[in-house]
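Accompanying notes for the structure given below.
Only a predicted model underlies this, so the values are computations on that prediction, with no experimental measurement involved. Numbers here are sequence positions counted from 1.
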Amino acid sequence: MFELMFCSLLTIVPDYLYRRYVQGKRIGKEITFFSVWYELRWGITGCLMLTVSLITMIFYFHPSTDSATLYFRTVPILPEGSGRVAEVNVGFSQPVRKGDVLFRLDSSKQQAAFETAKRKVAEVDAAMTSAQSDVVKAEAQIQEAKANYQQAKDELDVKSELQSRNPGIVPQRDIDKLRVLVDQRQAGIDAATAVKETAALQVSTLLPAQKASAQAALEQAQVDLDKTVVRAGVDGRVEQFLLRVGDVVNQLMRPAGVLIPEGAGRTVLQAGFGQIEAGVLKKGMVAEAACNSRPWVIIPMLVTTVQDYIAAGQFQGGQQLIEAQNAARPGTILVFLEPLYKNGLDGVTPGSSCIVNAYTSNHEEISAADTSTGRAIALHIVDGVGLVHALLLRIQALLLPIKTLVLSGH
């Protein structure tokens, strides 16, 4: 209506003034209800054409949408394992901090596995101490075997020397026995050395490997035990937490509740604009928003991201070919907007529906030296008609409470 009134000032009014003061035709005489079309046909036709052109230009270069929302992320509350709830530490709705315990599962099985793994580590430590003692014992046995060997060898050397000086003084049989004894004592040394090497191998290689395995099993048992305690992953607020002691939970069941991160939905506004406006929407555009949860307030915004694909076109591989006629309604261009000023979205409830206007600005192109005068004038007009859309947004914000509270049947 505003566009029609504005255009009539440029078309119908001049046409009427010409008819009135140049041709002398008057309303009620020559210009009546039945002859108004014939008398003012040029002005009326020009008014309609100019109005349609103006509305098209306004809505194309300064796009608007009522599909804007402060979307926010939620974190489902689920345990990593499964079990029966043994303790609940939060209520239906409650603020929590990162690391706070939300609920605990029955951990008797995990606790038993943890104690078993802990005892296994202690058992390996004891075996390590015993093996070290075996190394010391084997070393002593080696020293004893060497001493016996040396004693037998010395006796063999003495009797062999006597036999060589005075043959027959020492029976040959005694010398042969001593040689066998020396060989036996050497074998004892070799056996003791082998026992020491075996014990040393256990100390240096086998038992450390067993301890590492036992320690890994202990850590795994600790992880399984920790999984029975469900904590808040981020600062935020727990909502719709209905879990109670005795309930059985696992990852395949519905979440026990949702955790809304702190500050979620309070920094970025997402708006869906029509596909025809894809060539106009650019990063850095100035925008304005009016939200249901904060009526009578216009929030200056700035376009920070324009999604370069449309969600309605996505598909997943399946057993059937895509049929375009079965596609959903055309999707929108998703645009992310942030408040132009700090704390601009204060007071706007996350999830609130909003109306957003984005405004095209051609200031840089107009100021460029190579821009022609005609193009500069046209760009000035494009930027100027954004005032109409800004006025419409303010009218919508003004009428929003009346429309919601009165005209919607409340």
Side-chain polar contacts of residues 227-247 - donor-acceptor pairs under 3.5 angstrom, sequence neighbours left out - could you list them?
from: Thr228; atom 1: OG1; to: Leu225; atom 2: O; distance (Å): 2.4
from: Arg231; atom 1: NH1; to: Gly99; atom 2: O; distance (Å): 3.1
from: Asp235; atom 1: OD1; to: Lys98; atom 2: N; distance (Å): 2.5
from: Asp235; atom 1: OD2; to: Arg97; atom 2: NH2; distance (Å): 3.1
from: Arg237; atom 1: NE; to: Ser93; atom 2: OG; distance (Å): 3.2
from: Arg237; atom 1: NE; to: Glu239; atom 2: OE2; distance (Å): 3.0
from: Arg237; atom 1: NH2; to: Ser93; atom 2: OG; distance (Å): 3.3
from: Glu239; atom 1: OE1; to: Ser93; atom 2: OG; distance (Å): 3.0
from: Glu239; atom 1: OE2; to: Ser93; atom 2: OG; distance (Å): 3.1
from: Asp247; atom 1: OD2; to: Arg244; atom 2: N; distance (Å): 3.0

Where do [X] and [Y] come nearest, in terms of heavy atoms and distance?
X      : Y      : value
Asp383 : Ile366 : OD2-CD1, 3.9 Å
Pro339 : Gly344 : CB-CA, 3.8 Å
Ala287 : Ala358 : CB-CA, 3.9 Å
Pro63  : Val280 : CD-CG1, 4.3 Å
Pro350 : Ala264 : CG-O, 3.6 Å
Val75  : Pro261 : CG2-CG, 4.2 Å

Keeping [X] on the side-chain end and [Y] on the backbone end, is there a donor-acceptor pair under 3.5 Å?
X      : Y      : result
Ser293 : Val348 : no
Thr65  : Ser67  : yes
Thr267 : Gly263 : no
Arg394 : Ala390 : yes
Ser213 : Ala209 : yes
Arg294 : Asp346 : yes
His62  : Asn357 : no
Glu115 : Ala112 : no

Within a strict 4.5 Å, meaning less than it, do heavy atoms of the [X] and [Y] side chains meet?
X      : Y      : result
Met57  : Ile381 : yes
Leu379 : Glu365 : yes
Leu70  : Leu345 : yes
Ile77  : Phe103 : yes
Leu281 : Val303 : no
Leu105 : Pro79  : yes
Met301 : Ile299 : yes

[atom1]/[X] to [atom2]/[Y] distance, rounded to the nearest 0.5 angstrom?
X      : Y      : atom1 : atom2 : answer
Thr332 : Gln307 : OG1   : CD    : 8.5 Å
Asn343 : Arg266 : CG    : CZ    : 11.5 Å
Glu288 : Leu393 : CD    : CG    : 6.0 Å
Leu398 : Ile298 : CG    : CD1   : 9.5 Å
Leu399 : Ile395 : CG    : CD1   : 7.0 Å
Tyr60  : Ile276 : OH    : CD1   : 7.0 Å

Between Val356 and Phe273, is a side chain to side chain contact (heavy atoms under 4.5 Å, CB included) present by the stated rule, with each step listed?
CA-CA 9 Å; Val356 175; Phe273 289 90; 3.9 Å; yes

Evaluate side chain to side chain donor-acceptor pair (under 3.5 Å) for Asp224 paired with Gln222, printing each intermediate quantity in order.
CA-CA 5 Å; Asp224 293 338; Gln222 181 66 57; over 6 Å; no

Can Arg119 and Glu123 be counted as an ion pair, charged N to O under 4.0 angstrom?
no

Using only heavy-atom distances, determine whether the side chains of Asn362 and Glu364 contain a donor-acceptor pair under 3.5 Å.
no

Modelled atom types, side-chain donor and acceptor of Ser353 and Asn292, under 3.5 Å:
no

I need the full list of disulfide (SG to SG under 2.5 Å) pairs touching residues 259-319, with sequence neighbours left out, sorted by first then second residue.
Cys291-Cys354

Who are the salt bridge (charged side-chain N to carboxylate O under 4.0 Å, His left out) partners of Glu338, not counting sequence neighbours?
none

Do the ring planes of His389 and Tyr359 sit parallel (below 30°), tilted (30 to 60°) or perpendicular (above 60°)?
perpendicular

Applying side chain to side chain contact (heavy atoms under 4.5 Å, CB included) to Ile333 and Val306, what does each step give before you reach the verdict?
CA-CA 7 Å; Ile333 303 295; Val306 178; 3.8 Å; yes

Evaluate the side chain to side chain contact (heavy atoms under 4.5 Å, CB included) criterion for residues Lys283 and Thr305: first the C-alpha distance (whole Å), next the side-chain angles of each, then the deciding distance (0.1 Å), finally the verdict.
CA-CA 6 Å; Lys283 181 179 178 180; Thr305 305; 5.7 Å; no

Do Leu259 and Val96 pass the side chain to side chain contact (heavy atoms under 4.5 Å, CB included) test, and can you show the C-alpha distance, the side-chain angles, and the key distance before you say yes or no?
CA-CA 9 Å; Leu259 174 60; Val96 294; 3.6 Å; yes

